[in-house]
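First the structure, in the form of structure tokens, and then the observations on it.
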Amino acid sequence: MALFPGRVRRRDVLIAIILLVIFWLLTPLWQYSPKPHGIVRRTRLDYRPQQEFWRYLHTLFKKNDPGITLPERPGPAALIEYNDTHEIPRPELLQIPQTAVDKIRDAHKGFVNDIKVDNAQWSLPYKPNTRGIVTAASGVSFPILLVSLRMIRRTHTTLPMEVFMMLEEEYEPDICEGVLPSLNATCVIISDILGAKGMKDIQRAQLKSLAILFSSFEDILWLDSDCFPLRDPEYIFQSEVYQSTGLITWPDFWAMTTSPLYYEISSQHPLPLKERPSTEAAELLLSKKKHSLTLMLVSYYNYYGPSHYYPLLSQGAPGGGDKETFLAAASALGEPFYAITERARRLGHPTMNGDLVGSATVHYDPIRDHEPITHEKLQPKNEKATTLPRALFIHTYYPKLESATIFDPFNVQPTRNPDGKWSRAWTKPEETIYNVGFDTEIHFWEEVKWVACNLENKFLSWKNKWGVCERVTHYWNSVFEGIQSSTAN
């Protein structure tokens, strides 16, 4: 029988307690911090410079409030195709009392004066001498973004990307933490910067201007989530046209139907409608260093966009919203920019009667547009040579080529011929197809298939979807299997 068994037991218990305390002290605390169900713990970046800047900017917004919301447009929207050869009167579809126009003009003048006078009191938050791509995504646009991002990486560009979203609830941990970092992309949540109070006045249409405003990059290539380049775009940042202006935009198909009242409000002379088309803001380049004032005014236009400046700048035209605010702000401040003159072109497929149903837009090289070269140097020497400049961006605008829904029978389907059989989405016009590169659509669908089959269970918007990989693979096998594609352009 052991001597003093009670003492031995007490000693063993004491030793065990001491060992547990030591183990607890040496073990990382996070192992003993279980995650509440449904809450994602993510690394929160230091946004103090952006938060401080937002408080300053928000104060200026409120100080220069343009007043009551504009009345509803009484008639139809402005819908005018751009024509650079025939001038027509600028439409005026808004009925705004002169007292309201005067108040908006005074507020506009006050804001511009404040940012010019107080420019020693503020500086845009960004890291000097940095370049990157900025975009926005949430929900169903995350799968679309992943396809575009993989197309971007096919160009071998190493430009980092920042992906902005509005709210914490839109954060997708599997994508933001497991997929995007491998593609040199980072997620940023605007509500982390603006806070709950600041988000009360923000709508999704304003996200683009906020993303550019709060991006950490000095030089920014903005791309919509459904837009991608055909070659490494970094050379544009080094070009003379970008270095001299710091702002490059691409054209839309429509006339710039800005209300004459906006020009009165911003103290400018109205431009003739044939001067330049409206802006297609699926892609744009902007230097925050050169265009700090422009970006401040852009932010003001977007903050009061739904209530004032969106109707003033577009009068309900297609895509009206933030897209016109960039050149409008630069023009109002007299700052330089370059608006691409080469017209956008549609890619699509024919209807039964041979008309074109566009599902993507092609935009062109700004250097070739700004500094035209001879026909002989520009064109390949074969019978298919085209007179178009070099294609640079594709914007897949209609319908959004989202893998989980594109084949649904109630959707517009650019993936079928008029007879109902599977086909390529981009078959017309031939000149544009040749200019873009025949293999581009093959590469695109390779990435659609990769995303569908490798990330099928990752996206929150696909939680209740079924057979995404199967359906995309069936389409791929029906249309592209056996076609030998070359490397990306």
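If you read the sequence from its start, that first residue is 1, and numbering goes on from there. As the structure is a computational prediction, the values presented were derived from the model and not from experiment.
- Looking at H395 and D226, their side chains do bring a donor and an acceptor atom within 3.5 Å of each other.
- Closest heavy-atom contact between W426 and A360: NE1-CB, 3.6 Å.
- One distance of note links CG of L146 with CD1 of I152; it measures 10.5 Å at 0.5 Å rounding.
- Annotation: the span from W422 atom CH2 to W476 atom CH2 amounts to 15.0 Å, rounded to 0.5 Å.
- At least one test fails for R73 against the ring of Y310: distance under 6.0 Å to the centre or angle within 45° of the axis.
- The side-chain tip of R471 points at the ring of W466 from less than 6.0 angstrom away and within 45° of straight on.
- Between L356 and K428 the shortest heavy-atom distance is CD1-CB, 3.6 Å.
- Annotation for L94 and P311: closest pair CD1-O, 3.6 Å, computed over non-hydrogen atoms.
- E172 has its side chain out of reach of K458: every pair of non-hydrogen atoms, C-beta onward, lies at least 4.5 Å apart.
- More than 12 heavy atoms of other residues, nucleotides or ligands sit less than 6.0 Å from atom CG of N353.
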- [ ] With side-chain hydrogen bond (donor to acceptor under 3.5 Å, both in side chains) as the test, would you mind laying out the steps for E162 and T186 before giving the verdict?
- [x] CA-CA 5 Å; E162 291 177 340; T186 305; over 6 Å; no
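- Salt-bridge formation is detected for the pair E170/R204: a Lys NZ or Arg NE/NH1/NH2 atom is positioned less than 4.0 Å from an Asp or Glu carboxylate oxygen.
- In this structure, E240 places its CD atom where more than 12 heavy-atom neighbours from other residues, nucleotides or ligands lie under 6.0 Å away.
- Rounded to the nearest 0.5 angstrom, F337 CZ and L327 CG are separated by 5.0 Å.
- Atoms OG1 and CD, from T157 and E234 in turn, are 5.5 Å apart once rounded to the nearest 0.5 Å.
- By the 6.0 Å and 45° rule, R343 does not stack over the aromatic ring of F253.
- A donor-acceptor pair is defined here as one N or O able to donate and one able to accept, closer than 3.5 Å; no such pair exists between the side chain of S239 and the backbone of I367.
- Residue-environment remark: CD (E470) stays at or below the threshold of 12 foreign heavy atoms within 6.0 Å.
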Task: Worked check of side-chain hydrogen bond (donor to acceptor under 3.5 Å, both in side chains) between S209 and D322 - done: CA-CA 7 Å; S209 62; D322 60 27; over 6 Å; no
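- With hydrogens and angles ignored, the 3.5 Å screen pairs a side-chain donor or acceptor of S278 with a backbone N or O of W254.
- Atom CG in L295 sits 9.5 Å away from atom CZ in F214 (nearest 0.5 Å).
- Here Y309 and Y304 keep their ring centres 6.0 angstrom or further from each other.
- A heavy-atom distance below 4.5 Å is not found between the side chains of V472 and V451.
- If you check the side chains of D232 and T155, you find no donor sitting under 3.5 Å from an acceptor.
- Ionic pairing of E218 and R131 is not present here: no N-O contact between side-chain nitrogen and carboxylate oxygen is shorter than 4.0 angstrom.
- A side-chain donor-acceptor contact under 3.5 Å links D365 and Y235.
- Considering only heavy atoms from C-beta on, I80 comes within 4.5 Å of L273 through its side chain.
- The pair D84-K274 fails the salt-bridge criterion, with no side-chain N (NZ, NE, NH1 or NH2) lying under 4.0 Å from an Asp/Glu carboxylate O.
- With hydrogens and angles disregarded, no donor-acceptor distance shorter than 3.5 Å links the side chain of E87 to the backbone of P272.
- How far CG of L223 is from CD1 of I133: 5.5 Å, rounded to the nearest 0.5 Å.
- No more than 12 heavy atoms of other residues, nucleotides or ligands lie within 6.0 Å of CD in E430, so this atom counts as exposed by the packing criterion.
- Not one N or O on the side chain of E335 forms a donor-acceptor pair closer than 3.5 Å with the backbone of A330.
- When side chains are defined from C-beta on, L221 counts as touching F237, because their heavy atoms get closer than 4.5 Å.
- Checked by atom type, the side-chain pair Q203/Y303 shows no donor-acceptor distance below 3.5 Å.
- For Q95, the CD atom counts as loosely surrounded, since its 6.0 Å shell holds 12 or fewer non-hydrogen atoms of other residues, nucleotides or ligands.
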Open item on the list: Determine whether M296 and L124 satisfy the following criterion, side-chain contact (heavy atoms from CB on, under 4.5 Å), listing intermediate values before the conclusion.
Closed with: CA-CA 9 Å; M296 295 275 277; L124 294 183; 4.2 Å; yes
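- Of the charged side-chain nitrogens involved, none lies within less than 4.0 Å of a carboxylate oxygen, so that E447 and R153 do not count as a salt-bridged pair.
- Side-chain N or O atoms of Y242 include one that pairs as donor or acceptor with a backbone N or O of S287 at under 3.5 Å.
- A donor-acceptor pair is defined here as one N or O able to donate and one able to accept, closer than 3.5 Å; no such pair exists between the side chain of S191 and the backbone of L167.
- Ion pairing between a basic and an acidic side chain is recognised when a charged N comes within 4.0 Å of a carboxylate O; K288 and D219 show no such pairing.
- Counting only distance, with no hydrogens or angles, the side chain of N83 and the backbone of H86 share a donor-acceptor pair below 3.5 Å.
- Remark: F217 pairs with no residue by the ring pair (Phe, Tyr, Trp, His ring centres under 6.0 Å) rule, at least two apart or across chains.
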Task: Intermediate values then yes/no, side-chain hydrogen bond (donor to acceptor under 3.5 Å, both in side chains), E280 and H363 - done: CA-CA 9 Å; E280 162 63 281; H363 286 125; 5.1 Å; no
